[in-house]
Amino acid sequence: MKIAKSTWSVRVGAIATVAAGSLFLAACTAGGGGPAKPVDLGSGAAVSGSVKANALTGQTLTFVSYGGIYQDGQVAAAISPFGAASGAKILQDGPTDNAKLKAQVTSGNVTWDVVDTTNVFAAQQCGKLFMPLDTSIVDTSKIPAGLLTDKCSVPAMSYGMIVMYNTKKYGANPPTSWADFYDTKKFPGKRGIEGGTGDLDPGVFEGALLADGVSADAMYPIDEKRAMKKMASIRKDIVFWSTGAQSQQLLESGQVDMALVWSGRAYSAVKNGAAYAPMWDQWMPEADALAVPIGAKNPKASMAMINYYLGSEQQAKLTELTSYSPVNTDSKPKLDELAQSFVTTTPERVKDAFKLDNAWWAENHDEMVTAYTNWLAG
């Protein structure tokens, strides 16, 4: 559940065989400025949330994320405990900066070991800036359905783009579909939609097209002109937001009667007293991702950190600390009723989700951002 978000300017399954993965890791290590220190992670299949005791004594790993409550929660829930269990010395950096990452990989001087980024960027840069993950080290068996979208990353947490509606205004007859969100005659009032230049979340165009009658199985490739035409039909009623804080304020101040917002911001608004409720039909699942840069000095150690991070206990604590949804199906965070109602990885939420095509977005994101930015400026 997104609490804060950086723009892209600051923010292809498993490897075919273990042997092929080992060759790839060796090649990447050579580009990182020296041979990797030997790592013995033990025998047997990888189990998420575990690491061989003191297996990384003498190793130094740098974890990079977006800062704030989110990175603090990641470190407390998983990164620091991983260091204590494995013997590794853990450093932190941030916020994630895509240009800085590219410069490191291009120069062969990679100082980052595990990077939190957007899942679209991770897929877009798989094999370019990020290496495939070795599933003999990273156990992906407990990741919720639909969240494992490329070879080079795993989800760091889950959230969603969801429609929130004013329960005081629409309580007796609440909206139940994307068509209702775009029907300002049946449901009069202002609409909040993401409109910051330089970025666009998957889900904004899809919601407009679903409202315009496009079926879920015919969504891709996205017809962006049709999507923006549908959005233009209610443009006079749209209030655009560009940051999570702005979207939350729109709800708390009652400036809009419906809004498409990140679920973490929606939860925070309701927790603060905003009289809104979510419409879960065809909500849009989103996730941050964890990946290892090509040229990381010890890929096995980096992947061991990711494997530990994915554990059920670690994910439960992360959710309790940040409100983001866990990415382990066995995770059972201790939450109050309101927080639990905004968790996006439960079976009932997963079945109601619209299946975003992350691979399509990885290939077409930049063009969609340009088209949307031009429309916003028009």
Atom pairs and distances, donor-acceptor, side-chain atoms in residues 78-89, under 3.5 Å, two or more places apart:
unit_1 : atom_1 : unit_2 : atom_2 : d
S86    : OG     : F82    : O      : 2.8
S86    : OG     : A88    : N      : 3.2

Answer whether the closest heavy-atom distance between the side chains of L338 and Y267 falls below 4.5 Å.
-> yes

Go through the steps to decide whether E206 and Y220 satisfy the test side chain to side chain donor-acceptor pair (under 3.5 Å), and finish with yes or no.
-> CA-CA 9 Å; E206 286 91 336; Y220 301 97; 2.6 Å; yes

Please check if atom CD in E313 has more than 12 non-hydrogen atoms from other residues, nucleotides or ligands closer than 6.0 Å.
-> no

Would you indicate whether the side-chain heavy atoms of W262 and Q248 approach each other to under 4.5 Å?
-> no

Regarding E337 and S341, is there a side-chain donor-to-acceptor distance under 3.5 Å anywhere?
-> no

Between D134 and K300, is the closest basic N to carboxylate O distance under 4.0 Å?
-> no

Which distance, rounded to the nearest 0.5 Å, do you find between the CE of M258 and the CG of L260?
-> 12.0 Å

So, the side chain of S312 versus the backbone of S331: is there a donor-acceptor pair under 3.5 Å, distance only?
-> no

Is there a side-chain contact between P293 and L129, using heavy atoms and a 4.5 Å cut-off?
-> no

Taking the six-membered ring of W283, is the NZ or CZ of R349 close enough (under 6.0 Å from the centre) and on axis enough (within 45°)?
-> no

Do you know which two heavy atoms are closest between A274 and L251, and how far apart they sit?
-> CB-O, 3.8 Å

CG/L133 to CG/L148 distance, rounded to the nearest 0.5 angstrom?
-> 8.5 Å

Kindly work out whether a path of hydrophobic side-chain contacts (I/L/V/M/F/W/Y, heavy atoms less than 4.5 Å apart) joins V369 to F240.
-> yes

Would you check if there is a donor-acceptor pair between the side chains of T344 and S325 at a distance under 3.5 Å?
-> yes

Ignoring hydrogens and geometry, is there a side-chain-to-backbone donor-acceptor pair from D139 to A45 under 3.5 Å?
-> no

salt_bridge(K190, D257) N-O dist < 4.0 Å = no

Answer whether the closest heavy-atom distance between the side chains of Y308 and S50 falls below 4.5 Å.
-> no

Is the backbone of W360 close enough, under 3.5 Å, to the side chain of N364 for a donor and an acceptor to pair up by distance?
-> yes

So do the side chains of M284 and P202 get within less than 4.5 Å of each other, counting heavy atoms only?
-> no

Interatomic distance, CG@N298 vs OG1@T60, rounded to 0.5 Å, equals 11.0 Å

Would you check if the side chain of T322 reaches a backbone N or O of Y324 as a donor-acceptor pair within less than 3.5 Å?
-> yes

Electrostatic pair D223:K230 at N-O distance under 4.0 angstrom | no

Residue set satisfying side-chain contact (heavy atoms from CB on, under 4.5 Å) with T319, at least two apart, ordered chain then number -> P326, P333, L335

Check step by step if side chain to side chain contact (heavy atoms under 4.5 Å, CB included) holds for F354 and L210.
-> CA-CA 10 Å; F354 175 87; L210 289 170; 3.9 Å; yes

What about Y165 and F187, are their ring centers closer than 6.0 Å?
-> no

Between the side chain of K169 and the main-chain N/O of P188, is any donor-acceptor distance below 3.5 Å?
-> yes

Donor-acceptor pair, side chain of D237 and main chain of R191, under 3.5 angstrom | no

Flag yes if L321 and M157 sit in one hydrophobic cluster, no otherwise; membership is Ile, Leu, Val, Met, Phe, Trp, Tyr, and two members link when side-chain heavy atoms are under 4.5 Å apart.
-> no

Do the side-chain N and O atoms of D212 and Y182 include a donor-acceptor pair separated by under 3.5 angstrom?
-> no

Counting N and O atoms only, with roles assigned by atom type, does the side chain of D116 sit under 3.5 Å from a partner on the main chain of L290, one being a donor and the other an acceptor?
-> no

Will you find, in the side chains of N109 and Q104, an N or O donor that is under 3.5 Å from an N or O acceptor?
-> no

Do you see a donor-acceptor pair shorter than 3.5 Å between the side chains of T149 and N358?
-> yes

Between the CG atom in D180 and the CE atom in M279, the distance rounded to the nearest 0.5 Å is 7.5 Å

Can you find a pair of side-chain heavy atoms, one from Y372 and one from V204, that are under 4.5 Å apart?
-> yes

Give a yes or no on whether a salt bridge exists between K142 and D330, defined as a side-chain N under 4.0 angstrom from a carboxylate O.
-> yes

Side-chain donor/acceptor of T370 to backbone N/O of D366, under 3.5 Å = yes

Cation-pi check, R265 to W241: give yes when NZ or CZ is under 6.0 Å from the six-membered ring centre and within 45° of the ring axis, no otherwise.
-> no

W112 and D93: side chain to side chain donor-acceptor pair (under 3.5 Å), yes or no, with the steps?
-> CA-CA 8 Å; W112 292 349; D93 201 356; 2.9 Å; yes

Any ion pair linking D113 and K297 (charged N to carboxylate O, less than 4.0 Å)?
-> no

Are the side chain of Q315 and the backbone N or O of Y309 linked by a donor-acceptor pair below 3.5 Å?
-> yes

Do you know the tightest heavy-atom contact between M368 and I222?
-> SD-CG2, 4.5 Å

Just checking, any donor-acceptor pair under 3.5 angstrom between side chains of Q124 and E363?
-> no

Within-4.5 Å side-chain heavy-atom neighbours: K355 and D357 | no

Could you check if a side-chain atom of V163 sits within less than 4.5 angstrom of a side-chain atom of W280, using non-hydrogen atoms only?
-> no

When you measure from the side chain of Q71 to the backbone N and O of G94, does any donor-acceptor pair fall under 3.5 Å?
-> no

Begin with the C-alpha distance, continue with both residues' side-chain angles, and end with the deciding distance and a verdict on side chain to side chain donor-acceptor pair (under 3.5 Å) for W361 and N119.
-> CA-CA 10 Å; W361 272 100; N119 60 350; over 6 Å; no

Identify, with sequence neighbours excluded, every residue that meets salt bridge (charged side-chain N to carboxylate O under 4.0 Å, His left out) alongside D281.
-> none

